[in-house]
Amino acid sequence: MASSGMATITPAHLEQLRRSFRGDIIDPGSPAYDDARRVWNAMFDRKPALVVRPTSVADVQAAIRFGRERDLEIAVRGGAHSAVGHSTTNGGLIVDMGRMNTVQVDPQRRLATAGGGALLGHLDIAAQEHGLVCPVGVVGHTGVAGLTLGGGVGRLQRHFGLTIDSLRAVQLVTADGQVVRASRQEEPDLFWGLRGAGANFGIATNLELDLHPFGGTLHRGVHVWPAADVHEVWETFRDWAASAPETVSAIFTVGIGETEADDPGTIANEPVVIVSYNHSGAATDVERDIAPLLAGPRATKVTATSEPYLTAQGSSDLTLAWGSRTAILGGYVRDCSPAVLDAFVEHVETAPAEGSISVTMLGGAIGRRDDADAAFTGRAHPFDVSPDTSWADPAEDEANLAWVRDAMAIVEPDLLPGRYINELSDEGPDVTAAAYGEAKLERLRALKRGWDPANVFRLNHNIAP
Ligand SMILES: Cc1cc2nc3c(=O)[nH]c(=O)nc-3n(C[C@H](O)[C@H](O)[C@H](O)COP(=O)(O)OP(=O)(O)OC[C@H]3O[C@@H](n4cnc5c(N)ncnc54)[C@H](O)[C@@H]3O)c2cc1C
C-alpha cells in the first residue's frame with residue numbers, strides 16, 4: 001500500500017478528525033510541526049502529512065481510523081529511538097504516543113502499568129520509589145513500548161532477564177480498531193508475537209510489567225587495556241562470562257581511546273579494549289565476583305564506583321542525546337577467534353567516525369527461558385556482537401553504514417541464529433528472516449494475517465502477512 005501524500009488531507013478532513021480526537025493535531029502549517037516530526041536519529045528527516053498525539057484509547061482508535069480512511073502510511077512513535085527511522089514517515093501520519101506516558105505502580109502486586117508513550121526514565125523513577133525495578137535499557141529517553149516490544153536488554157539483564165520476561169500483559173489497539181488485552185492467559189499467541197515482533201500488531205496503549213525488589217545500588221567498573229592485549233583480555237572475559245553470577249552484566253568493547261587531558265592511563269586516539277560491568281548484588285560480593293576479570297593482563301586504567309541505580313540509568317542521557325546520526329547492527333556468536341579480534345582492532349582504526357564494536361555477555365536470567373517462549377530469538381547464545389558508529393555530517397552516511405556492515409562481515413561465518421531487531425540499522429525480508437528464523441517467521445506471518453492482514457503497521461521490522 002503506497003502512501004498517498006500530503007494532498008489527501010483537507011481542512012474538512014481535519015475538522016472531521018477533531019470531532020473524534022481530543023489530543024494534539026499538528027499539520028505542516030503549525031509552528032509545532034518541525035519539532036513534532038523530529039526523531040532521535042538525525043538521519044531520518046521526514047515530512048509527515050500530520051502528527052497526532054492521542055490522550056486516550058479512543059483517540060488512538062480515531063487516529064488509526066483516520067489514517068486508514070485517508071490511506072496514509074501510519075508511523076507509531078514511542079520514544080522515537082528507532083535505529084532505522086520506523087517512527088516517522090514522508091507524507092503519512094505519525095501517531096506520537098508521547099502524551100500517554102504515565103506509569104502507575106502497584107507495589108503490593110509488584111506491577112507497573114506504563115502508557116504506550118512512557119519513557120524508560122518514567123518507569124525507572126516510578127518503580128524505584130517503592131524499591132522495585134523493571135529491567136530495561138540504559139538510556140532514560142528510550143520508549144518503554146518500542147524497547148519492550150523488540151525484547152529489551154540493559155544493565156540488569158542477566159539478573160532479571162530481558163524486558164519481555166517481565167511483561168505481564170499488553171493493551172493494544174489493532175488495525176481494525178479493536179481494543180485487545182494480550183497476556184499468557186488472554187490471546188496467548190498474540191502475546192507470544194508481541195514479545196519480540198510487537199510493533200507489527202497494533203498500537204500498545206499500555207504495558208503491564210512485573211517489578212522486582214532491588215535495593216537501588218549498582219557497583220560499576222570500567223577497565224581499559226591497549227589493543228595489543230586484545231587476545232588475552234577476550235579470553236579472560238569469555239571465561240568470566242561462563243562463571244559470573246547473574247548479578248554481573250558486562251560488555252567487552254574494541255574502540256578508540258578517548259582524549260582526556262591529564263588523565264593517567266588514558267590511551268588517547270589509539271585502539272583500546274574496554275570491559276565495563278554492572279554488578280547489581282551486594283557490595284560485599286563485588287570483589288569476589290570481579291576477581292576473574294583481574295586474572296588477565298593488567299589494565300592501564302581502572303575505575304570503580306557504586307552509585308544509585310537511577311544515577312546510572314541517567315548517566316548516558318546527555319552523551320546519547322537526540323540529534324546525532326547513528327548506525328548499529330548486531331548478531332550472536334559463541335566466541336571470538338584471535339583472527340576476528342585482530343580484524344576488530346583493524347576495523348575500528350579505519351572507522352570514518354566514532355566506531356566501536358561491543359560484545360555483550362548474555363546468559364544468566366536471559367538464558368534460563370526457552371527460546372520458543374517468545375518471538376524474540378537468540379536468548380540461549382552466550383554473546384551479542386554489535387558495531388555502532390555516530391557522526392554529524394550527512395555526507396558521511398554511506399561510509400558509516402558501510403562500516404557497520406563490514407564489521408558484521410568479520411563475524412558473518414560465526415553468526416548463530418537470531419538477531420535483536422532493536423539493534424539493526426538494516427531492514428528488509430532477509431533481515432527479518434535472520435531475526436526470527438523460518439519456523440518463527442511462519443508463526444508470525446499467520447498472526448499478522450489474523451491481526452493486520454492489510455499490513456497497516458508496516459513501519460517496523462516487518463512481518464509481511
Ligand atoms: C540512545 C539509544 C539507546 C538505546 N539503548 C538500548 C538499550 O539499552 N537496550 C535495548 O534493548 N535497546 C536500546 N536501544 C534500542 C531501542 O530499544 C530501540 O530503538 C527501540 O525500538 C526504541 O523504542 P522507542 O519507543 O524509543 O522508539 P520508536 O522509534 O518510537 O519506536 C520503535 C518501534 O517501536 C514501535 N512502537 C513504539 N511505540 C509503540 C507503541 N506504543 N505501540 C506499538 N508500537 C510502538 C514503532 O512503531 C517502531 O516500529 C537504544 C536506542 C537508542 C537510540
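One-based numbering, in listed order, for ligands and for the atoms of each. Side-chain atoms are counted along with the backbone in the values below, which use heavy atoms only and exclude waters and symmetry mates.
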Exercise for review: Identify, by atom number and element, the atoms of ligand 1 in contact range of S87, meaning under 4.0 Å from any of its heavy atoms.
Suggested key: 28 (P), 29 (O), 30 (O)
**Study point:** Identity of the nearest option to atom 44 (N) of ligand 1, non-hydrogen atoms only, from L149, L162, L320
**Key:** L149
Exercise for review: Please confirm whether the backbone N or O of N400 pairs with a side-chain atom of R325, one donor and one acceptor, at under 3.5 Å?
Suggested key: no
Point to revise | Closest candidate by heavy atom, reference atom 10 (C) of ligand 1, pool L147, N422, V144, V139 | key: L147
Point to revise | Protein contact of atom 43 (C) of ligand 1 - nearest heavy atom, named by residue and atom, plus distance | key: G202 O, 3.3 Å
Review point. How are the rings of Y332 and H381 set to each other: parallel, tilted or perpendicular (split at 30° and 60°)?
Key: tilted
Review point. Can you list the ligand 1 atoms lying under 4.0 Å from a non-hydrogen atom of G137?
Key: 7 (C), 8 (O), 9 (N)
Point to revise | ligand 1 to I203 polar contact by distance, N or O atoms, under 3.5 Å | key: no
Exercise for review: Please could you name the atoms of ligand 1 that L459 approaches to less than 4.0 Å, counting only its heavy atoms?
Suggested key: 47 (O), 49 (O)
Exercise for review: May I ask which of A204, G152, A199 has a heavy atom nearer to atom 35 (C) of ligand 1 than the others do?
Suggested key: A199
Check your understanding: Does R77, backbone or side chain, put an N or O under 3.5 Å from an N or O of ligand 1?
Key -> no
Point to revise | Donor-acceptor under 3.5 Å (D406 side chain, W403 main chain) | key: no
Exercise for review: Output yes when a protein non-hydrogen atom is found under 4.0 Å of atom 14 (N) of ligand 1, and no otherwise.
Suggested key: no
**Study point:** Heavy-atom closest pair, residues L211 and L111
**Key:** CD1-C, 3.8 Å
Practice item. Could you list which atoms of ligand 1 come closer than 4.0 Å to a heavy atom of V153? Key: 7 (C), 8 (O), 9 (N), 10 (C), 11 (O)
Check your understanding: Considering distance alone, does some N or O of G116 sit under 3.5 Å from an N or O of ligand 1?
Key -> yes
Study note, to complete from the structure: Heavy-atom proximity to atom 5 (N) of ligand 1 ranks first, among V138, T148, V170, for V138
Check your understanding: Under 4.0 Å from ligand 1, counting heavy atoms only, is it the side chain of W40, its backbone, both or neither?
Key -> side chain
Review point. If only atom types and distance count, is the side chain of S324 paired as donor or acceptor with the main-chain N or O of W391 below 3.5 Å?
Key: no
**Study point:** Sub-4.0 Å heavy-atom approach of A80 to ligand 1
**Key:** yes
Revision key, fill the gap. the protein heavy atom lying closest to atom 2 (C) of ligand 1 turns out to be H81 ND1, 3.6 Å
Practice item. Would you give the length of the straight line joining atom OG1 of T89 to atom CD1 of I74, rounded to the nearest 0.5 angstrom? Key: 10.0 Å
Point to revise | Contacting atoms of ligand 1, where contact means under 4.0 angstrom from a heavy atom of A145 | key: 38 (N), 39 (C), 40 (C), 41 (N)
Practice item. May I ask you to decide if T247's main-chain N or O and S280's side chain share a donor-acceptor pair within less than 3.5 Å? Key: yes
Check your understanding: Is a side-chain donor-acceptor pair under 3.5 Å present for D176 with W451?
Key -> no
Review point. Purely on distance, is any nitrogen or oxygen of T142 under 3.5 Å from one on ligand 1?
Key: no
Review point. How far is atom 32 (C) of ligand 1 from its nearest protein heavy atom, and which residue and atom name does that atom have?
Key: S82 CB, 4.0 Å
Point to revise | Pair R37 + D34: basic N to acidic O under 4.0 Å | key: yes
Practice item. Output yes when D165 and R379 qualify as a salt bridge under the 4.0 Å nitrogen-oxygen rule, no when they do not. Key: yes
Point to revise | Parallel, tilted or perpendicular: ring planes of W234 versus F237, cut at 30 and 60 degrees | key: tilted
Check your understanding: Tell me, which protein residue and heavy-atom name are nearest atom 47 (O) of ligand 1, and how many Å apart are they?
Key -> V76 O, 2.8 Å
Review point. What protein heavy atom sits nearest atom 37 (C) of ligand 1, and how far off is it?
Key: G78 N, 3.5 Å
Review point. Can we say D59 and R22 salt-bridge, meaning some charged N sits less than 4.0 Å from an Asp/Glu carboxylate O?
Key: no
Exercise for review: Report yes or no: does a heavy atom of Y420 sit under 4.0 Å from some atom of ligand 1?
Suggested key: yes
Practice item. Just jot down the ligand 1 atoms closer than 4.0 angstrom to any heavy atom of G79, in number order. Key: 24 (P), 25 (O), 26 (O), 27 (O), 30 (O)
**Study point:** Worked check of side chain to side chain contact (heavy atoms under 4.5 Å, CB included) between N278 and H159
**Key:** CA-CA 10 Å; N278 288 286; H159 194 164; over 6 Å; no
Check your understanding: Less than 6.0 Å separating the ring centroids of F21 and F66?
Key -> no
Exercise for review: State if G198 counts as touching ligand 1 under the rule of any non-hydrogen atom under 4.0 Å.
Suggested key: no
Point to revise | N or O contact, H86 vs ligand 1, cut-off under 3.5 Å | key: no
